[in-house]
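Have a look at the structure below, then the notes.
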Protein chains: 2
Amino acid sequence: MVTKHQIKVIKSLGQKKFRLQLGLFVVEGIKGINEFLSSDFELENLFTTELIFDAPEDLINVISTSDLKRISTLKSPNTALAVFKIKASEQIETGKLIIALDDVRDPGNLGTIIRLCDWYGVRDLVCSLNTVDCYNQKVVQATMGSLSRVNITYLDLNDYIASSELQVFGTFMEGENIYTAEIPETGLVILGNEANGISKDIKVNRKLTIPQFGDVNATESLNVANATAILLSEFKRRSIEM
Amino acid sequence: MVTKHQIKVIKSLGQKKFRLQLGLFVVEGIKGINEFLSSDFELENLFTTELIFDAPEDLINVISTSDLKRISTLKSPNTALAVFKIKASEQIETGKLIIALDDVRDPGNLGTIIRLCDWYGVRDLVCSLNTVDCYNQKVVQATMGSLSRVNITYLDLNDYIASSELQVFGTFMEGENIYTAEIPETGLVILGNEANGISKDIKVNRKLTIPQFGDVNATESLNVANATAILLSEFKRRSIEM
């Protein structure tokens, strides 16, 4: 069963303030929970309607479907809800391709960008301090477990750029054509806010652009997660080109 | 002002059944409305808190912010809400690159895919009959106006494939590497359902795959809109390659 206190704690984890204070976050659904169980994230508590998880017995609470509904934020809760401990970020590896987000606000966008990093083997994702929290429940759900494999660090982007030796790429409406520009296999690639793009005070070495193929009246911008997909595809494609 | 009857009609347009019955759909926000006003979609009625639109006077209703809140589905309504007439799909152009969706359910995914088509100059998007309705309000919002420039046709995909002379490409976990496969500038590219991919009964000529660069335990799939972004990028890149 779920105690009143547990319900209160779980509900409070919907807010960043309490996630930071308690050092905990929520994962829902069988697949996502299993991905975190097989990672180096530490389980705090597991609430499930079925005994199907490979986890320490004393942390498993078998609950009713109606109890699961009470603690879930999903319209259709899927079997289980787990609380994991937030992990400290590991040191950022240098000499690789790193994605940086400047003030990305939409949880769904951050979630799918984390999935993209996982797919394309990008180990480090760095986020400006005003980017949405990666332990936000909507982000966690959208990552489909990829959050357990990508090292995410929140930091001051300009401080990081100043301390890094990587070339800094940014996407803009005008810049070098991503398809024909010479791009290295390493670098820091910055993606900006959904409405305003990359902040003016961010120091970029090279401006890249994804060219439009539509007519001149076409859409003004791509969704930031789609732009990330295209950039990652271009950076990584060249490493396998024949 | 807004009459009770108008409120009832606008609210009913949240349901596909009534959109089809009345032949109307809703667009919110200055930018989106302006994009539709400058397209060949026909305005039915415009409700706005400011007189800033270039539209027939008799169709403009100046309303209060509180009235706008009553008819809007957005958390923060943006100045205006317009009702436009649904347009019949135009004939699909052959001999081009066409994107086809098989049972894509998420409005946000369809919306950003429409934006991608607009960006990459794909004039025709065909959708299986069980794909989410493109006049769904969340889809319309996510397209950021691109819906006014992409010709979307709902049809039986297998019937269409049988009648079309285009090569049919599909994305699968295993197939030709998209980065090294020889791909033409024309073709029908199918993207599948968020959870299940492309239905087994869809007849595909060539299976393509977006290779993983991460480790073997990485995420099982990409978000369908991101996969569309990468495929469109690859098909279109080759037309400009030096």
Side-chain angles (χ1 to χ4, degrees), chain A residues 31 35 38-39 97 106 108-109 111-123 142-150 177-180 185 194-195 210-242, chain B residues 31 35 38-39 97 106 108-109 111-123 142-150 177-180 185 194-195 210-242:
Chain A
K31 192 173 170 301
E35 301 239 23
S38 64
S39 74
L97 182 65
D106 182 81
N109 283 340
T112 56
I113 289 171
I114 294 168
R115 257 169 103 182
L116 282 164
C117 287
D118 191 18
W119 188 275
Y120 278 105
V122 171
R123 186 240 185 204
T143 70
M144 311 276 277
S146 289
L147 180 60
S148 66
R149 286 180 298 267
V150 177
N177 183 327
I178 175 85
Y179 297 119
T180 52
E185 285 185 30
E194 287 87 348
I210 301 168
Q212 269 185 355
F213 290 76
D215 65 43
V216 284
N217 295 319
T219 181
E220 279 170 27
S221 69
L222 288 169
N223 163 280
V224 62
N226 289 335
T228 308
I230 294 161
L231 281 164
L232 274 175
S233 179
E234 274 305 301
F235 271 85
K236 289 292 184 174
R237 163 179 78 80
R238 301 178 186 208
S239 68
I240 57 160
E241 212 160 25
M242 298 177 303
Chain B
K31 191 173 171 301
E35 301 240 22
S38 64
S39 75
L97 182 66
D106 182 80
N109 284 339
T112 56
I113 289 172
I114 294 169
R115 255 170 103 183
L116 281 164
C117 287
D118 191 19
W119 187 274
Y120 277 105
V122 171
R123 186 242 187 202
T143 70
M144 311 277 278
S146 289
L147 180 59
S148 65
R149 286 180 298 265
V150 177
N177 183 327
I178 174 87
Y179 297 119
T180 52
E185 285 186 30
E194 286 87 349
I210 300 168
Q212 268 184 357
F213 290 77
D215 65 44
V216 284
N217 296 318
T219 181
E220 280 171 26
S221 68
L222 287 169
N223 163 280
V224 63
N226 289 335
T228 307
I230 294 161
L231 281 165
L232 274 175
S233 179
E234 274 305 301
F235 271 85
K236 290 293 185 172
R237 163 179 78 80
R238 301 179 187 207
S239 67
I240 57 159
E241 212 160 25
M242 297 177 302

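Lettering of chains follows the sequences in order, A, B, ..., and the numbering in each one begins at 1.
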Return the option, out of [options], with the maximum number of heavy-atom pairs under 4.5 Å with chain B.
{"options": "A:G111, A:P211, A:S148, A:S221", "answer": "A:S221"}
{"options": "A:A227, A:G145, A:C117, A:A229", "answer": "A:A229"}
{"options": "A:A225, A:G108, A:A142, A:S38", "answer": "A:A225"}

Practice task
Name the option with the most non-hydrogen atom pairs under 4.5 Å to chain A; the candidates are B:T112, B:V122, B:V150, B:L222.
Solution key: B:L222
Rounded distance [0.5 Å steps], [atom1] in [X] versus [atom2] in [Y]:
{"X": "A:N109", "Y": "B:N226", "atom1": "CG", "atom2": "CG", "value": "9.0 Å"}
{"X": "A:R237", "Y": "B:R237", "atom1": "CZ", "atom2": "CZ", "value": "3.5 Å"}
{"X": "B:Y179", "Y": "A:E234", "atom1": "OH", "atom2": "CD", "value": "8.0 Å"}

Exercise for the section: Examine whether an atom of A:T228 lies under 4.5 Å from a heavy atom of chain B, and if so say whether it belongs to the side chain, the backbone or both; otherwise answer neither. Expected result: neither
Problem - Heavy-atom side-chain contact between A:W119 and B:I230 under 4.5 Å - result: no
Exercise for the section: Please report the shortest heavy-atom distance between B:K236 and A:F213, naming the atom on each side. Expected result: O-CE2, 3.6 Å
Fill in the blank from the handout: Whatever's closer than 4.5 Å to a heavy atom in chain A on B:I210 counts as both
